[in-house]
2 protein chains.
Amino acid sequence: MTTTAPLPGVQGPDAQAALRATGLKVTAGRVAVLEALEHAPHVDAEAVLALVRDRLPGTSVQSIHNVLGDLVDAGLVRRFTPARQSARYERRVGDNHHHAVCSSCGRVDDVDCVVGEAPCLHADAPSGFVVAVAEVTFVGICADCLAAAAAEEPAP
Amino acid sequence: MTTTAPLPGVQGPDAQAALRATGLKVTAGRVAVLEALEHAPHVDAEAVLALVRDRLPGTSVQSIHNVLGDLVDAGLVRRFTPARQSARYERRVGDNHHHAVCSSCGRVDDVDCVVGEAPCLHADAPSGFVVAVAEVTFVGICADCLAAAAAEEPAP
DNA sequence: CCTTTTGTTTTGAGCAGATCAAAACATGCT
DNA sequence: AGCATGTTTTGATCTGCTCAAAACAAAAGG
């Protein structure tokens with residue numbers, strides 16, 4: 001059955017167009033991953049898997065890694081690794097935004113760089129080093145964790 | 001035997017002083033790790049283990065992780081995680097220098113930020129987020145890999 | 001419309017880095 | 001020197017990810 005049903009989870013023409021533009025084949029899994037990343041800002045592979053399985057049950061863990069790797073290679077998805085955490089993925093928007101990682105709860109937020117463009121790209125890099133991207137990660141404590149810490153330890 | 005021999009691998013009073021300053025006990029392993037990091041700029045746990053074992057054979061992998069974790073918590077050592085690589089450690093010098101990672105060979109070099117101080121610390125962070133450190137990583141191609149790539153693919 | 005070719009997903013095994021818990025041990029203090 | 005605390009070892013375990021080959025689906029061509 002379902003010989004005529006085209007693809008169970010395909011809904012976004014944006015994702016399909018993006019895939020075609022890069023020369024990758026349009027498959028249900030890839031579209032589902034792209035759409036999942038559309039709604040979830042920066043998630044790890046496990047979260048992507050959970051989101052994808054809502055539409056495509058039976059998707060394997062390895063497939064997620066495979067798809068994510070392909071999308072990263074194709075430039076459709078950006079991968080970054082917060083300190084002490086697993087890799088996270090996001091649809092790249094072209095802007096070079098950075099990330100704020102809470103060292104307490106692990107939460108990740110986007111940060112638009114004040115300079116607007118690429119602030120630190122003109123670093124004093126070793127001679128001959130060609131900078132592709134600058135990964136800027138702000139590590140600190142988010143408001144929630146700060147409040148929680150203050151509540152537990154008001155005045156030492 | 002060796003009841004009078006104090007510590008097999010202790011040689012640096014700097015390391016001992018640093019340990020005492022933070023309240024940690026001065027042990028052979030910790031001193032050896034600190035001294036290893038003194039000479040090796042940014043190495044992963046495996047490399048630290050190899051260096052430490054030169055002086056203290058029989059040191060276990062877990063001890064290295066344990067010691068490195070303690071030193072990081074104490075602020076004597078800085079840990080950072082280049083994309084797609086294992087964690088690397090370095091003695092922190094107080095300056096906020098950053099890193100250039102070659103995406104081809106994985107090599108890591110130090111980069112002094114041109115601004116001198118902390119350039120991106122005043123980001124438009126989420127309200128209430130307190131920035132502790134800014135991890136800036138330049139991802140690109142080092143001179144060697146660039147030359148190697150050019151040699152293989154001169155003109156397509 | 002059906003076949004071929006190419007590429008993708010699954011299946012299954014496996015590795016590296018790191019973490020956790022309890023016992024053996026050394027350090028620092030009295 | 002002896003005790004209490006803290007550290008290292010031992011051993012098991014876990015997560016995240018990678019690799020290889022077989023089953024499968026998508027795009028191209030007849």
Side-chain angles (χ1 to χ4, degrees), chain A residues 1-10 15-16 19-34 43-50 52-53 55-74 79-89 106, chain B residues 1-10 15-16 19-34 43-50 52-53 55-74 79-89 106:
Chain A
M1 72 287 279
T2 71
T3 32
T4 49
L7 281 174
V10 170
Q16 295 195 20
L19 285 171
R20 288 189 190 280
T22 61
L24 281 96
K25 284 191 178 177
V26 178
T27 67
R30 287 176 180 170
V31 174
V33 167
L34 281 175
V43 287
D44 57 14
E46 188 182 352
V48 173
L49 175 63
V52 168
R53 276 187 174 160
R55 310 215 159 147
L56 272 56
T59 304
S60 66
V61 186
Q62 290 84 340
S63 290
I64 291 297
H65 283 287
N66 193 357
V67 167
L68 286 171
D70 290 346
L71 295 179
V72 168
D73 289 343
R79 161 162 45 197
F80 69 99
T81 309
R84 315 289 291 157
Q85 296 188 26
S86 51
R88 300 193 171 226
Y89 301 86
Chain B
M1 76 274 291
T2 70
T3 32
T4 50
L7 281 174
V10 170
Q16 295 195 20
L19 285 171
R20 290 187 191 280
T22 61
L24 283 111
K25 284 191 178 176
V26 177
T27 66
R30 288 176 178 170
V31 173
V33 167
L34 281 175
V43 287
D44 56 14
E46 187 184 350
V48 173
L49 175 62
V52 168
R53 275 188 175 160
R55 309 219 159 144
L56 271 59
T59 305
S60 66
V61 185
Q62 290 83 339
S63 290
I64 292 297
H65 283 287
N66 193 355
V67 168
L68 286 172
D70 290 345
L71 295 179
V72 168
D73 289 343
R79 160 162 46 197
F80 70 100
T81 309
R84 318 289 289 155
Q85 295 188 26
S86 51
R88 299 189 172 230
Y89 301 86

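Numbers restart at 1 for each chain; the letters A, B, ... are given by sequence-line order, proteins then strands.
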Side chain of [X] - closest among [options]:
{"X": "A/E46", "options": "D/dG16, C/dT9, C/dT27", "value": "D/dG16"}
{"X": "B/R30", "options": "C/dT6, D/dT8, C/dG17", "value": "D/dT8"}
{"X": "B/A45", "options": "D/dT7, C/dT8, C/dA18", "value": "C/dA18"}
{"X": "B/S86", "options": "C/dG17, D/dC17, D/dT7", "value": "C/dG17"}

For a quick check of understanding: with a heavy-atom distance under 4.0 Å over all strands, which category does [X] fall into, base, sugar-phosphate or nothing?
{"X": "A/N66", "answer": "base"}
{"X": "B/S60", "answer": "base"}
{"X": "A/V61", "answer": "nothing"}
{"X": "B/G69", "answer": "nothing"}

query: Relative to the 5' end of DNA chain C, which residue comes earlier, B/R20 or B/D44, by the nucleotide with the nearest heavy atom?
result: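 Looking at DNA chain C, the more 5' nearest nucleotide goes with B/D44.
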How many whole angstroms separate atom [atom1] of [X] from atom [atom2] of [N]?
{"X": "A/L19", "N": "D/dA26", "atom1": "CG", "atom2": "P", "answer": "13 Å"}
{"X": "B/L24", "N": "D/dT8", "atom1": "CG", "atom2": "C1'", "answer": "14 Å"}
{"X": "A/L56", "N": "D/dC24", "atom1": "CG", "atom2": "P", "answer": "17 Å"}
{"X": "B/Y89", "N": "C/dA18", "atom1": "OH", "atom2": "C1'", "answer": "8 Å"}
{"X": "B/Q16", "N": "C/dG28", "atom1": "CD", "atom2": "P", "answer": "8 Å"}
{"X": "B/Q62", "N": "C/dA24", "atom1": "CD", "atom2": "C1'", "answer": "15 Å"}
{"X": "B/I64", "N": "C/dT19", "atom1": "CD1", "atom2": "C1'", "answer": "16 Å"}
{"X": "B/R88", "N": "C/dA18", "atom1": "CZ", "atom2": "P", "answer": "11 Å"}

Q: Between B/D70 and A/A87, just flag the one whose closest nucleotide in DNA chain D comes earlier from the 5' side.
A: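 Checking each residue's closest nucleotide, the 5'-ward one belongs to B/D70.
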Any side-chain to backbone donor/acceptor pair from B/R20 onto B/V26? Under 3.5 Å, distance only.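 Looks like no, no N/O pair under 3.5 Å.
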Note to self: To the closest 0.5 Å, what do you measure between CD (B/Q16) and CG (B/L34)?
What the structure shows: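 Answer rounded to 0.5 Å: 10.5 Å.
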| Interatomic distance, B/D70 atom CG to B/K25 atom NZ [nearest 0.5 angstrom] |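 Going from the CG atom of B/D70 to the NZ atom of B/K25 covers 12.5 Å.
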Should A/L71 and A/T22 count as side-chain neighbours, where that means a heavy-atom distance under 4.5 Å?
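SC-SC contact between A/L71 and A/T22 ruled out.
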For A/Q85, is the CD atom crowded, meaning more than 12 foreign heavy atoms sit under 6.0 Å from it?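 Correct, the count exceeds 12.
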OP1 or OP2 of C/dT9 sitting under 4.0 Å from any side-chain N/O of A/T27?
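So the side-chain polar atoms of A/T27 do come within 4.0 Å of the phosphate oxygens OP1 or OP2 of C/dT9, strictly under.
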Does C/dT19 have OP1 or OP2 sitting under 4.0 Å from an N or O in the side chain of A/R84?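 Looking at the OP1 and OP2 atoms of C/dT19, one of them is under 4.0 Å from a side-chain N or O of A/R84.
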